Protein chains: 2
Amino acid sequence: MPSEDRKKSRVTLLDVARRANVSRATASLVIRKSPLVGAETRSRVEEAMRELGYVYNMGAARLRAERSHTVGVIVPNLTNPFFAELLGGIEAVIDAAGMVVILANSGDLVDRQDMVMRRMREHGVDGVILCPAAGTEREFLTRLLEWDLPLVQALRHITDEVDYAGVDYAAGMHQAVDYLASLGHERIAFAVHGPIHSAYNERIEGFCDAMRSRGLSAERIVRIPYQTAEIPRSAQLLFEQTEKPTAVICFNDVIALGLSAGLHDLGFKVGENFSLVGFDDVTDAETMRPRLTSVSTAPVAIGENAAKLLIERLEEPTRSPRKIVKQPKLHIRQSCVPVPKFAL
Amino acid sequence: MPSEDRKKSRVTLLDVARRANVSRATASLVIRKSPLVGAETRSRVEEAMRELGYVYNMGAARLRAERSHTVGVIVPNLTNPFFAELLGGIEAVIDAAGMVVILANSGDLVDRQDMVMRRMREHGVDGVILCPAAGTEREFLTRLLEWDLPLVQALRHITDEVDYAGVDYAAGMHQAVDYLASLGHERIAFAVHGPIHSAYNERIEGFCDAMRSRGLSAERIVRIPYQTAEIPRSAQLLFEQTEKPTAVICFNDVIALGLSAGLHDLGFKVGENFSLVGFDDVTDAETMRPRLTSVSTAPVAIGENAAKLLIERLEEPTRSPRKIVKQPKLHIRQSCVPVPKFAL
DNA sequence: CCCTTAATTTAGATCGATCTAAAAACTTTC
DNA sequence: GAAAGTTTTTAGATCGATCTAAATTAAGGG
C-alpha cells in the first residue's frame, strides 16, 4: 500500500518510465500499443503503470498529436425522445470506436448553433455530427468544410457536399398514403407542426406527390400547435374544411398520440370509424390503444449510421461525400380501418 | 481578403500577438479578460484575433492551467425519455456556465461504468455527474473522491459523502397512497420493474410505509417485465392473488402506459371501474385517455440541480457534501375513481 | 570476428497555451 | 528632475504527452 505523497502532482508518463527503467519515449510507445517495443519491456512498463495508478492524459496527447478522440454532437432538442434515441445510437458507435461524445443543444436556433459550433472547435473535436437547426444555411456547412472539420449531417439534409445520414421521408409518406388508399380512403389529411427544415419539406412533398399521383387532393395539410399539451384540443382543426377527411397521417408520433386523444374527445373511435397513421414508430406506438399504425424511422439506426459515416471520414478525410438513407417501413397495427362504403 | 497559405498550420496565439505587436503573454491576458491589460492594447489584440480567425485552443490551455471546462455525465440509459430530460436539464446549466458536457452511457452495468469513468478521467473532466448504475458500491464513489474528482450523484443515492440531487421518492409514494386511500381504496397494488437501485428501494419502502401506516396490506407488489412491449399482456399478473386490487400504483409512466393498455384489453375501464396512478409525469400523461394521474418528478429540474451542485463544488472543492431533494407533486387527472361501495 | 541489416530504445525538440517573476513605461510626489 | 509607486508588458519556463532522427543492441552472413 504505497501511500505516496499525493500532495499535488499527478502520476505522469515520466514517473512510469522511471519506475520501469525505460525512457519516456518507450513508455509512450507502450501506451499506444506500438509493435516496435519488445515483449519483456512492454510488460514491465504495463506493470509500472498499474502500480502507480497511471491515467493517460488525453489533453496532453492531443496537443502534440492531432487527434483528440472527441466527437461533437449537436441536436436541436433533448426532450423529444426521437433525438434522445438518435443520440443513443451515436453514442454507442462512437464509444465502441474508443472516442467520446461532446454534447450540445442548439435549441433549433441558428445563433446558438453558431456559438455551440465554435465551442466545439475550441475543444478541438475531431469531427461533428450535426442535426442542423431549422434555417441553417448551406454556407454554414461549407465553411466548416473549408476549415477541414470533418462533418456529418444527420436527419436533416442541407447540402450534397457533406456526408448525410437520414431516412427517406418521402418514401415513408408514400407508404402511408398507399396503405390508406388501399383501404379506400380518399380524403386524407396531413397533420404537421414544428420548425420548417428539410425533413419537414421532404415529408410535405412526399405527401403531396403520393396523393396527386393517385389523383387525390393534397390540400388537407393542417398545422397543429407545437406544444404537446395543446395537441389534443386542436383535433377539431381537421374538420374545418368542407369535405371532411376520413383519415389523417401525422408528422410524428407525438402528434399521433395527441390527436388520438383529441379525436376520442370529439367522439370518434380511432380504428373503428376513423383512421390514423403515425410517423417514427416510437415505443409508445405499441402501448397505445388502439395500437398505433406508424411509419418506422428507427432513430437509433440513423444515429449509428451517422457515427459510422463520421468514423470513415476521419480515416479517409478526402473521399467524396456519402449518403446513407434508410428506407422506412410501415408498421401496421390497429389504428386504421377500411373506409365505410356510404360513410360520413 | 488575406488568403494565407493555410497549408497546415492553425492560427496560434503567437500569430495573433505578432500581428498586434505584443507578446504572447499579453495576448493571453486579453483572451482571459484580465483587467491588467490596457484598453488600447486590448482592442488591438481583439482585432487581430478577428482578422486572423483565431480559435482558442482549449486543449493547450488545459494542459497548463488546471481546468478543462468539461464535465462528464454518465447515465444508465438514453432511450428512456426520463434520462433524456434529465440530461437536457444538465446540459442547459453546464452550457450556461461556459462548459461542455461529455456524455457516456453505462447501460446500468457497473463494469461499463468503471471503464466509462476511467475514460472521463483520461479526458481530464473537471467533474462528473453520475447516475449510478444498479449495484454501484459505495467504495466506487469514495475512491473517486480520494482522487479529487468533483462528483455529484443524481437520481440514485449511494452515499452521504457525495453531493446528491434527486427526488423524495418515498414522499411521492405517500402522496399516491394517500390519494387512493382518500377515494376509499384499500387493496392497492404496486407494479414495479427494472434493475434494483436506491431509487427502486426508496419507492418500495415508501409504498410499504404508507400502506402500513394506514393499516393496509403492502403485499401486492408485482414485478412486471422490463421490455416495454411485454407490459400490456402482463396486466393479468395483478389479479393472481386471492383478494384482487381495486387500484394500482406504477413504478413509472412507462409501466402506467403499458398497464393502461393491458387493463383495457382485459375489459377494465381505467378511470371508471379501476384506478391507476403513474410516476414521473412525462409528457405522455397528458395525451393519454383517460388522462393519467401521475406523481410528477420533474427530471429537467433534477438535472439542473445536479449541474448547479457540481458548479458550486468546482468553486469550493472542500465544502461538505450537500443534497438537493425535490418534493414531487401528485398531478391529479382522470385515471382514478372512488372505489364502488359494493364493488368486486 | 567483422560487417550489414533488423529490431529496440532514446534524447531532445515540439504542440499552444499559462504562469512566474521581473522589466519597461507611465504617474505622482517632493 | 530624481525617487517612489503604479500600471502594463514581457521573456522564459512549464504542463504531459508525441514526434523525429539518431543511437544502441541483437541477429544473420560470409
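Here the structure is a predicted model, which is why all the values come from computation and not from measurement. Heavy-atom basis, side chains included; hydrogens, waters and symmetry copies ignored.
Between A:Glu51 and the options A:Arg19, A:Arg18, A:Arg44, a salt bridge (Lys or Arg N to Asp or Glu O under 4.0 Å) holds for only A:Arg19.
With distances taken from any side-chain atom of A:Leu63 to the nucleotides C:dT18, D:dT9, D:dG16, the minimum falls on D:dG16. With C:dG16, D:dT9, C:dT18 as the choices, the nucleotide that has an atom nearest any side-chain atom of B:Thr41 turns out to be D:dT9. Nearest to the side chain of A:Val22, among C:dG16, D:dA17, C:dT10, sits C:dT10. Comparing C:dC19, C:dT9, D:dA17 by their nearest atom to the side chain of B:Arg32 picks out C:dC19. Of all nucleotides listed (C:dT9, C:dG16, C:dT14), C:dG16 comes nearest to the side chain of B:Ala60. The side chain of A:Ala61 approaches D:dA17 more closely than any other nucleotide in the set D:dA17, C:dG16, C:dC19. With D:dT10, D:dG12, C:dC15 as the choices, the nucleotide that has an atom nearest any side-chain atom of B:Arg24 turns out to be D:dG12. Nearest to the side chain of B:Arg64, among C:dA17, D:dT9, D:dG16, sits C:dA17. Taking the side chain of B:Ala25 as heavy atoms from C-beta on, and the options C:dT14, D:dT10, C:dT10, the nearest nucleotide is D:dT10.
A salt bridge does not link B:Lys308 to B:Asp163: none of the charged side-chain nitrogens sits closer than 4.0 Å to a carboxylate oxygen. With salt bridges taken as basic N to acidic carboxylate O contacts below 4.0 Å, none links A:Asp15 and A:Arg10.
Contact check, B:Thr12 against C:dC15: no side-chain N or O comes under 4.0 Å of OP1 or OP2. Between A:Ser28 and D:dA17 there is no side-chain polar atom (N or O) within less than 4.0 angstrom of OP1 or OP2. At the phosphate of D:dT10, OP1 or OP2 sits under 4.0 Å from a side-chain N or O atom of B:Ser23.
Atom pair B:Arg67:CZ and D:dC15:C1' shows a separation of 17 Å (rounding to whole Å applied). C:dG16 atom P lies 16 Å from atom CE of B:Met49, rounded to whole Å. If you measure from atom NE2 of B:His123 to atom P of D:dA17, you get 14 Å, rounded to the nearest angstrom. For the pair B:Ile31 CD1 and C:dC19 C1', the interatomic distance rounds to 15 Å; values are reported in whole Å. We find that CG of A:Leu36 is positioned 15 Å from C1' of D:dT25, with the value rounded to whole Å. The separation between B:Met58 atom CE and C:dA17 atom P is 11 Å, rounded to whole Å. A straight line from CZ of A:Arg18 to P of D:dG16 spans 12 Å, rounded to a whole angstrom. Straight-line distance from the CG atom of B:Leu29 to the C1' atom of C:dT18: 9 Å, rounded to whole Å.
Around the CD atom of A:Glu40, the shell of radius 6.0 Å holds more than 12 heavy atoms that belong to other residues, nucleotides or ligands. Remark: B:Glu161 CD is packed, more than 12 non-hydrogen atoms of other residues, nucleotides or ligands lying under 6.0 Å away.
With DNA chain D read from its 5' end, the first of the two nearest nucleotides for A:Ala27 and B:Ala65 is the one closest to B:Ala65. Mapping A:Ala39 and B:Tyr54 onto DNA chain C by nearest heavy atom places A:Ala39 at the nucleotide closer to the 5' end. Comparing A:Asn21 and B:Tyr56, the nucleotide of DNA chain C nearest to each residue sits closer to the 5' end for A:Asn21.
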Residues A:Leu103, B:Leu87; criterion side chain to side chain contact (heavy atoms under 4.5 Å, CB included); working and verdict: CA-CA 10 Å; A:Leu103 174 69; B:Leu87 183 58; 3.8 Å; yes
